[in-house]
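Here's a structure for you.
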Amino acid sequence: MHSRNVVSWSTLMTGLFQKGFAIEVLGLFKNMVLEDNLCPNEYILATTLSSCSNSGMLKEGLQCHGYVLKTGLLFHQYVKNALVRMYSTFSDVEGATRVLNSIPGSDTVTFNSIIHGLLDHGYLSEGLEVLCRMAAECVVWDNVTYVNVFGLCSRLKDLKLGLQVHSRMLKSGDEFDLYLGSAIMDMYGKCGQISVARKVFDGLQTRNVVSWTAILAAYLQNGCFEEALKLFLQMELEGVVPNEYTFAVLLNASSSLSAFGYGNSLHALAEKSGFRSHIIVGNALINMYSKTGIIEGAYEVFTDMLYRDSITWNSIISGYSHHGLGKEALAVFHDMLAAGEHPNYVTFIGVLSACGHLGRVQEGFYYLHQLMEEMGIKPGLEHYTCMVGLLSKAGLLYEAETFMKSTPIEWDVVAWRTLLSACQVHRNYVLGKQVAEIVLHMDPDDVGTYTLLSNMHAKAKSWDGVATIRKLMRRRDIKKEPGLSWTEIRNDTHIFVSDDNSHPESNQIHEKVKELLDKIKPLGYVPDIASVLHDVEEEQKEEYLGHHSEKLAIAYTILKTPSRAPVRIIKNLRMCDDCHSAVKLMSKVTNRVITVRDVNHFHCFRDGMCSCADYW
DNA sequence: ATAGGGTTAG
């Protein structure tokens, strides 16, 4: 153009802004001032400020604010709104509030911007306050307001508020849109009302990928993992193309089921669909591989990722920790610091539990008392519980007990259970029984603790103790949870129940178990018959041990898969001592890698050893 | 003649 004016620049800048080229808008702003010597007006500044928000350019945003002050454009509504959004986006609540209050006149967009900004940075009560103010000042609510307010209800998990807002929306008679539909489903999902969310979904006239993903996420958040995976097939059938959020949800559903078959297929599909470099997909993949027991797969995804954020680092660190790989976890943690990524609350849970696996008591306390302080992270219950685990794992049971008594925090049942299982491993039954009392006082229905307690009595050969526990369980009507193990072979899941002969191939499986046990006896396997609490002959006790669900699942997988294939088992309870020592030797005689995910640990058995170093 | 705010995720 031979001659350009502010409107020419403004038109171009708006076009770029709306297509997502925020950085380019800032470049144009500079050129307009320097090349054409033009003075920006309120249109230019509104767009430029928004571009600063969208591209994360804080410094430039502040410079624009200075420009606004110098040029006296502050009293234009659009400019004010853009400023409020800029400060909200950069989580400067005070700055946003200052703009909000210092310039008279706030419209719907002003309030929408500040509420959204507050929610996005976790200022929920402040968000609620602004909403009340908006209502008090009788500012009109539009669809964007409703979307934001439903977001507020989701985060507060406040169903009552959600229902009130939904009613108000229906009465307002405003035109409904897809943003609203997704926000409503999200609200009901996060407030635990999955069937209402589904009803909203079924009532949608049109659906896009976000509506689908929102309902899948609602199923996920309500523990309906298989339903989520099933519904995805329906989504594909209707020709809706999944995006990176969809894959994150589905991978998470697979992780929760420990379904590596689904996880693997989804990984392939995500790559084919071009989501290889999306952070949330990478993070979900790390999580999926780690939770399905394939920690090498998790690391491979991690190393291949082009872009990482703090969740990426946290995922691989806690993945390594869950697998008992303390050295690897700490090495990645140091890489994280070197890469300039700031650790957070969650990072240190993984780091401290890694110290636990390595028995590094001093290093753990250094992180807790010094590094966390330096980084401005206040230790919480989870961190202190890691310290209890760390001390007790190192055999310092009484130090752990003292630590618990001297730390001013309200301990939960998890912390006491940590100390309890340490007492079991270190065979300190005196302290163990005391701690078990505390655990049962806090949670009288905890079946695992009764089992642990009666095991401790049995190990100490206190048969009266065993009888007392069993009486107690009968009196309190505590039913022993059946032991379940499952394994995925090709695309089928096979479930095994302890002491259950109803499997069609039961005979073969038992024969295979017997064969394996006979093979490992010469290597030192001694059946732990003391742990069998049935009143039967010794020989039969040995047979009962062979009926544990993980032994059945392992025998079956070995029968049905090629000779070098890894064996992966998931079970619902804690692995017992007998199975643990048996499976170690089985990994040796079969030359297989056997991974068992029990209720809270991963055990990777290889060549006669377990990754948990016999502490779990 | 040119301008602003929203949904799903780890």
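Reminder, nothing fancy here: chain letters follow the sequence lines and each chain counts from 1.
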Discussion item. Counting the atoms with a prime plus P, OP1 and OP2 as sugar-phosphate, which does Asn143(A) contact under 4.0 Å by heavy atoms, base, sugar-phosphate, or nothing?
Written reply: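 Answer is base: heavy atoms of Asn143(A) come under 4.0 Å of a base.
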Worksheet item: Would you say Gln221(A) reaches dT8(B)'s phosphate, i.e. side-chain N/O to OP1/OP2 under 4.0 Å?
Response: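 So the side chain of Gln221(A) is outside the cut-off, no N or O lying under 4.0 Å from OP1 or OP2 of dT8(B).
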Discussion item. Check Glu137(A) with Arg133(A), please: is the shortest side-chain N to carboxylate O separation under 4.0 Å?
Written reply: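 Looking at Arg133(A) and Glu137(A), the cut-off is met.
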Worksheet entry | Selection from dA1(B), dT8(B), dG10(B) that lies nearest to any side-chain heavy atom of Leu220(A) |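 Between dA1(B), dT8(B), dG10(B), the one nearest the side chain of Leu220(A) would be dG10(B).
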Worksheet item: Looking for any heavy atom pair under 4.0 Å, which part of the strands does Asp107(A) touch: base, sugar-phosphate only, or nothing?
Response: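 Base, at least one base atom sits under 4.0 Å.
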Item to complete: Measure from the side chain of Val210(A), starting at C-beta and using heavy atoms only, and say which of dT7(B), dG6(B), dA9(B) lies closest.
Response: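 Of the candidates, dT7(B) comes closest.
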Worksheet item: Starting at CG of Asn148(A) and ending at P of dG5(B), how long is that distance when rounded to a whole Å?
Response: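 That distance rounds to 12 Å.
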Worksheet item: Out of dG6(B), dA9(B), dT8(B), which nucleotide sits closest to the side chain of Asn243(A)?
Response: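 It is dT8(B).
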Worksheet entry | ring centroid sep under 5.5 Å plus plane angle under 30, Tyr245(A) with dA9(B) |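 Answer is no, no stack.
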Worksheet item: Given dA9(B), dA3(B), dT7(B), which nucleotide is nearest the side-chain atoms of Thr47(A)?
Response: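 Of the options given, the side chain of Thr47(A) lies nearest dA3(B).
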Worksheet item: Does Asn287(A) have a side-chain nitrogen or oxygen under 4.0 Å from the phosphate oxygens OP1 or OP2 of dG10(B)?
Response: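 Indeed not, no polar side-chain atom of Asn287(A) lies that close.
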Discussion item. From the set dG10(B), dT7(B), dG5(B), return the single nucleotide nearest to any side-chain atom of Ser182(A).
Written reply: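 The answer is dT7(B), which lies nearest to the side chain.
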Discussion item. Rounded to whole Å, please give me the gap between CG in Asn54(A) and P in dG6(B).
Written reply: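 Result: 8 Å.
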Worksheet item: What are the two closest non-hydrogen atoms of Cys191(A) and Cys153(A), and how far apart are they?
Response: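 So the minimum-distance heavy-atom pair works out to SG-O, 4.1 Å.
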Practice prompt. Please work out if Leu49(A) contacts a base, only the sugar-phosphate, or nothing of the nucleic acid, heavy-atom cut-off 4.0 Å.
Written response: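 Counting heavy atoms under 4.0 Å across all strands, no contact is made by Leu49(A).
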Worksheet entry | CD (Gln164(A)) with more than 12 external heavy atoms under 6.0 Å |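 Correct, the count exceeds 12.
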Worksheet item: Looking at dT2(B), dA9(B), dG5(B), which one has an atom nearest to any side-chain atom of Thr145(A)?
Response: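 Selected nucleotide: dG5(B).
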Discussion item. Before we go on, tell me: are the rings of Phe29(A) and Tyr67(A) under 6.0 Å apart, centre to centre?
Written reply: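 Centroid separation for Phe29(A) and Tyr67(A): below 6.0 Å.
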Worksheet item: Whole-Å distance between dG6(B) C1' and Gln18(A) CD?
Response: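 Rounded to whole Å, this separation is 15 Å.
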Worksheet item: Counting side-chain heavy atoms from CB outward, which of dA9(B), dA3(B), dG10(B) is closest to Ala217(A)?
Response: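 Ranking dA9(B), dA3(B), dG10(B) by closest atom to the Ala217(A) side chain puts dA9(B) first.
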Item to complete: Could you check which of dG5(B), dT2(B), dG10(B) has an atom nearest any side-chain atom of Ala284(A)?
Response: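 Of all the options, the side chain of Ala284(A) is nearest to dG10(B).
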Practice prompt. Rounded to the nearest 0.5 Å, what's the gap from CD on Glu488(A) to CZ on Arg568(A)? Could you check?
Written response: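 Interatomic distance, Glu488(A) CD to Arg568(A) CZ, rounded to 0.5 Å: 9.0 Å.
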Worksheet item: Hey, does Ser8(A) reach any base, or is it just sugar-phosphate, or nothing, if we go heavy atoms under 4.0 Å?
Response: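 Counting heavy atoms under 4.0 Å across all strands, no contact is made by Ser8(A).
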Worksheet item: Are OP1 or OP2 of dG6(B) and a side-chain N or O of His116(A) less than 4.0 angstrom apart?
Response: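 Affirmative; the distance criterion is met.
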Worksheet item: Counting any heavy atom closer than 4.0 Å, what does Ile115(A) reach on the DNA or RNA strands: base, sugar-phosphate only, or nothing?
Response: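 Result for Ile115(A) = nothing.
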Worksheet item: Separation of Trp9(A) atom CH2 from dA3(B) atom P, in whole Å?
Response: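 From Trp9(A) CH2 to dA3(B) P: 17 Å.
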Practice prompt. Tell me which nucleotide among dA3(B), dG6(B), dA9(B) gets nearest to the side chain of Asp177(A).
Written response: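 Nearest to the side-chain atoms of Asp177(A), counting from C-beta on, is dG6(B).
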Discussion item. From C-beta outward on Val7(A), which listed nucleotide comes closest to its side chain: dA3(B), dT8(B), dT2(B)?
Written reply: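 Comparing dA3(B), dT8(B), dT2(B) against the side chain of Val7(A), the answer is dT2(B).
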Fill in: Check: dA3(B) base within 3.5 Å donor-acceptor of Asn41(A) side chain
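When only heavy-atom distances are counted, Asn41(A) does not reach the base of dA3(B) through any donor-acceptor pair under 3.5 Å.
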Worksheet item: Is the His65(A)-Tyr87(A) ring centre distance short of 6.0 angstrom?
Response: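 Yes; Tyr87(A) has its ring centre under 6.0 Å from that of His65(A).
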Discussion item. I want to check one thing: is the phosphate of dA9(B), taken as OP1 and OP2, less than 4.0 Å away from some side-chain N or O of Lys190(A)?
Written reply: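 For dA9(B), OP1/OP2 do have a side-chain N/O of Lys190(A) under 4.0 Å.
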Worksheet item: So what does Tyr146(A) hit on the nucleic acid, given a heavy-atom distance under 4.0 Å: a base, only sugar-phosphate, or nothing?
Response: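 Here Tyr146(A) touches no strand at all.
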Discussion item. When you measure only distances, ignoring hydrogens and angles, does the side chain of Asp309(A) come within 3.5 Å of the base of dG10(B) through a donor and an acceptor?
Written reply: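 Yes, a donor-acceptor pair under 3.5 Å.
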Fill in: Heavy-atom donor-acceptor pair, Ser255(A) side chain to Lys291(A) backbone, under 3.5 Å
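Judged by distance alone, no pair lies under 3.5 Å.
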